[in-house]
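Residue indices begin at 1 and follow the sequence shown.
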Amino acid sequence: MLTARSGPSMAQPEMTRVFLNNVDSYASRHIAQVLSGSVAGAAVNTNSDLEAELLSNHKRTFQVVGTVSHPSAVERPHVVEQYTHLNRDELLSKLMGCDVVIYNVTQHADQVEEALWAASALHSEVEHFSGPKLFILISTIMTWACSKPADPDDLELPFTDAIFWSRRAHPNFERHIDLEKRVVKMGKTERKLFSTYVVAAGLQYGMGEQIFHYFFKKSWLGEDGIPIFGDGKNIVPTIHIHDLASVVYSVIQHQPRPYYLLAVDDSNNTMEEIVKKIASILGPGKIQKKPSEDAFLTKDLSVMEANSLLVSLRMEAAYIKKLFSFNWVCQFGLVENIEVVVQEFRQTRGLLPVRLCVLGAPAVGKTTVSKKICEYYRLHHITVKSTISDTIARLEHAVRNPDPDEGNSTQDVQEQLSMMKERLEQNREISSSNEADCLSLMQKVIDIVGQPRNYGPSSQEVKEEERRKAAERLRREAQERAEVERMEADEARDRAAHWAEWTKKLEEVRQQEEEELEATSGPMRDYLMEQVVPTLSRGLIECCRAQPQDPVDFLAEYLLKNNPF
């Protein structure tokens with residue numbers, strides 16, 4: 001299937017045609033957005049004003065075409081052509097028509113085989129190229145997951161792309177490292193006509209999230225105890241998705257001598273730091289550590305994602321810093337730029353929260369109404385009691401772990417703690433609202449505020465609802481079948497009764513007709529037996545004896561001669 005759009009006929013610079021696989025996936029989609037809004041020779045900038053200026057001046061130099069992973073994928077304005085269900089010959093034809101071929105294998109493992117085939121097919125067609133081609137493989141830092149320390153005496157020394165030849169892959173990513181090696185080797189043989197690059201990307205975040213979405217969603221929904229799998233001390237290499245797109249753009253523009261590049265930011269955050277920051281900004285801020293094995297039992301995480309969240313690598317993108325100059329979106333990582341990332345998360349996913357404050361006199365039902373509002377709108381329920389309890393917990397922690405740099409003494413803190421407890425014990429609020437009044441008030445709130453603008457039901461809730469609907473459908477179908485069977489049984493009984501009645505009436509009619517026939521045929525039969533049959537019988541006997549040539553004429557003459565009357 002091909003969908004294509006053509007813009008107005010205007011004089012534009014010569015286009016660089018770029019192929020990108022799975023343009024409907026998270027990473028490829030945002031890379032396509034950045035490339036389609038870029039100008040050759042200009043620094044990459046994701047600022048919307050700059051992009052609007054580029055669009056208004058019609059200065060795009062990259063035409064992005066690509067495949068989609070799902071047939072129902074929506075058309076995207078930054079992709080001029082998108083294909084699905086291409087066979088190998090058709091796909092090779094599309095690749096040959098592009099100046100740059102980008103294969104992203106960070107999300108879908110099934111793309112590893114296709115990427116290897118695409119690179120091999122292009123490499124075998126070098127002599128038919130109309131011009132130089134560039135092949136960029138966007139791979140993953142999981143091909144470094146089992147690497148030995150660069151310096152055993154200095155475990156904090158980061159891995160750099162200068163020592164990529166010594167990397168060791170995670171067992172589940174052996175195919176990825178094999179693909180990287182083969183792509184690099186192909187580029188060495190035909191460097192002038194077919195250049196190849198490998199960009200090993202850190203875990204991507206930003207613009208709605210992908211691998212970290214599990215933690216963002218749970219925090220947003222206010223769930224207590226956002227999980228950290230393992231001890232949380234593992235250092236996770238990351239990169240904002242737009243910064244990854246900037247790296248890819250820079251490779252296309254400059255085609256540097258190093259053909260293996262690490263694409264990670266300067267953060268070196270641990271998993272615990274990342275989850276804590278997300279939970280504190282978006283949710284109640286509570287976390288809980290779980291065994292690392294639980295990551296593979298989490299339905300919202302694929303095996304590939306679970307492995308990636310448990311990786312521990314300290315990395316530095318030395319070549320990117322040395323060779324490229326572009327405006328980073330989040331150079332120092334997710335934790336340092338959490339406000340920007342959260343804002344992107346809200347805007348991209350259309351999460352527009354409702355904030356409500358419930359006020360009223362004691363014992364009027366504020367707690368009951370607040371709980372129902374929070375359940376309906378999926379909001380955090382913040383109460384005075386919980387706030388005071390959290391404050392007391394912090395003060396008790398301060399008493400047990402005094403900070404010598406703080407001005408307040410332990411005695412002062414204990415006095416504050418006693419006063420807080422005393423005030424808290426003097427105010428236990430009792431909810432005694434009428435249920436009907438609560439429902440009426442809830443309806444007024446919904447009418448004024450509107451419908452929830454939040455996440456839909458969770459996957460578990462969706463499955464439970466599907467099971468409920470399935471059970472209801474089966475029950476309804478069983479009732480319908482029973483009703484049909486009952487109606488068919490009633491109809492069968494009616495038909496049997498009607499058939500028996502009709503058969504009975506038919507027999508009565510037959511007997512009546514026989515009786516009437518018997519009654520009308522008796523005199524006629526008697527007359528024939530007395531007056532006709534005797535003479536006729538003798539005539540027939542004589543005819544049989546004589547056997548004349550004309551038996552009818554013989555019988556007629558016999559009857560005339562022997563007529564007793």
Side-chain angles (χ1 to χ4, degrees), residues 145 170 202-206 208-238 267-313 333-339 341-342 345-346 349 351 353 370-371 374-375 377-401 403 454-464:
H170 185 281
L203 276 59
Q204 297 123 54
Y205 62 90
E209 302 311 310
Q210 188 255 332
I211 192 169
F212 294 115
H213 178 245
Y214 171 76
F215 306 104
F216 274 78
K217 182 177 180 180
K218 281 190 167 293
S219 299
W220 179 266
L221 295 179
E223 298 186 14
D224 285 334
I226 307 303
I228 296 176
F229 303 110
D231 61 6
K233 304 303 180 183
N234 55 310
I235 296 176
V236 184
T238 58
S267 61
N268 284 323
N269 295 130
T270 65
M271 198 67 209
E272 183 175 6
E273 291 172 341
I274 293 174
V275 176
K276 273 187 175 180
K277 182 60 70 171
I278 295 172
S280 63
I281 297 297
L282 283 176
K286 297 180 180 179
I287 61 172
Q288 60 175 329
K289 293 186 178 181
K290 292 186 175 182
S292 57
E293 294 79 9
D294 285 12
F296 301 95
L297 303 177
T298 303
K299 296 180 180 180
D300 294 331
L301 294 174
S302 66
V303 175
M304 191 173 180
E305 292 171 339
N307 282 318
S308 300
L309 291 174
L310 297 173
V311 71
S312 183
L313 290 169
L334 190 156
V335 174
E336 286 289 324
N337 298 276
I338 188 65
E339 290 80 7
V341 177
V342 166
F345 169 72
R346 290 171 174 168
R349 293 192 175 266
L351 301 174
S370 298
K371 287 182 178 178
C374 290
E375 290 174 1
Y377 287 101
R378 302 181 75 90
L379 302 175
H380 305 322
H381 187 200
I382 302 173
T383 64
V384 174
K385 179 180 177 181
S386 63
T387 303
I388 295 176
S389 298
D390 290 343
T391 304
I392 290 176
R394 287 196 298 269
L395 289 172
E396 289 177 340
H397 177 76
V399 170
R400 290 192 298 267
N401 304 279
D403 188 346
N454 210 323
Y455 272 104
S458 65
S459 58
Q460 184 64 25
E461 292 171 337
V462 170
K463 290 181 180 179
E464 290 178 358

Taking C-beta and beyond as the side chain, do [X] and [Y] meet within less than 4.5 Å on heavy atoms?
{"X": "I211", "Y": "S308", "result": "yes"}
{"X": "I338", "Y": "S280", "result": "no"}
{"X": "T270", "Y": "V236", "result": "no"}
{"X": "E209", "Y": "V341", "result": "yes"}
{"X": "I226", "Y": "I278", "result": "no"}

Closer than 3.5 angstrom, by distance alone: can the side chain of [X] be matched with the main-chain N or O of [Y] as a donor-acceptor pair?
{"X": "E336", "Y": "G333", "value": "no"}
{"X": "R349", "Y": "G208", "value": "yes"}
{"X": "K290", "Y": "I228", "value": "no"}
{"X": "D300", "Y": "Y214", "value": "no"}

(request) May I ask you to check whether over 12 heavy atoms, not counting those of K371, lie within 6.0 Å of atom NZ? (result)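 Atom NZ in K371 is not packed in, count stays at 12 or less.
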(message) Can you tell me how far apart NZ (K286) and CD (E223) are? Round to the nearest 0.5 Å.
(response) 13.5 Å
(message) I need the E273 CD to I235 CD1 distance, nearest 0.5 Å.
(response) 8.5 Å
Minimum heavy-atom distance between [X] and [Y], given as atom pair plus value:
{"X": "A295", "Y": "A306", "result": "O-CB, 3.7 Å"}
{"X": "Y205", "Y": "L334", "result": "OH-N, 3.4 Å"}
{"X": "P227", "Y": "V275", "result": "O-CG1, 4.0 Å"}
{"X": "N268", "Y": "L313", "result": "OD1-O, 4.5 Å"}
{"X": "S219", "Y": "P284", "result": "O-CD, 4.3 Å"}

(request) Give me the ring orientation class for F345 and W220: parallel if the planes are under 30° apart, tilted from 30 to 60°, perpendicular past 60°. (result) perpendicular
Which residues satisfy the side chain to side chain donor-acceptor pair (under 3.5 Å) test with [X], sequence neighbours excluded?
{"X": "K277", "result": "none"}
{"X": "T238", "result": "D265, S267"}
{"X": "K233", "result": "E272"}

(request) With sequence neighbours left out, write down each residue that passes side chain to side chain contact (heavy atoms under 4.5 Å, CB included) with L310, or none if nothing qualifies. (result) F229, S292, F296
(message) Could you work out, with side chain to side chain contact (heavy atoms under 4.5 Å, CB included) as the rule, every residue matching Q210, not counting sequence neighbours?
(response)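 Counting only residues at least two positions away or on another chain, Q210 forms a side chain to side chain contact (heavy atoms under 4.5 Å, CB included) with Y26, Q107, E305.
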(request) Go through the structure and list residues passing ring pair (Phe, Tyr, Trp, His ring centres under 6.0 Å) with F215, not counting sequence neighbours. (result)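 Counting only residues at least two positions away or on another chain, F215 forms no ring pair (Phe, Tyr, Trp, His ring centres under 6.0 Å).
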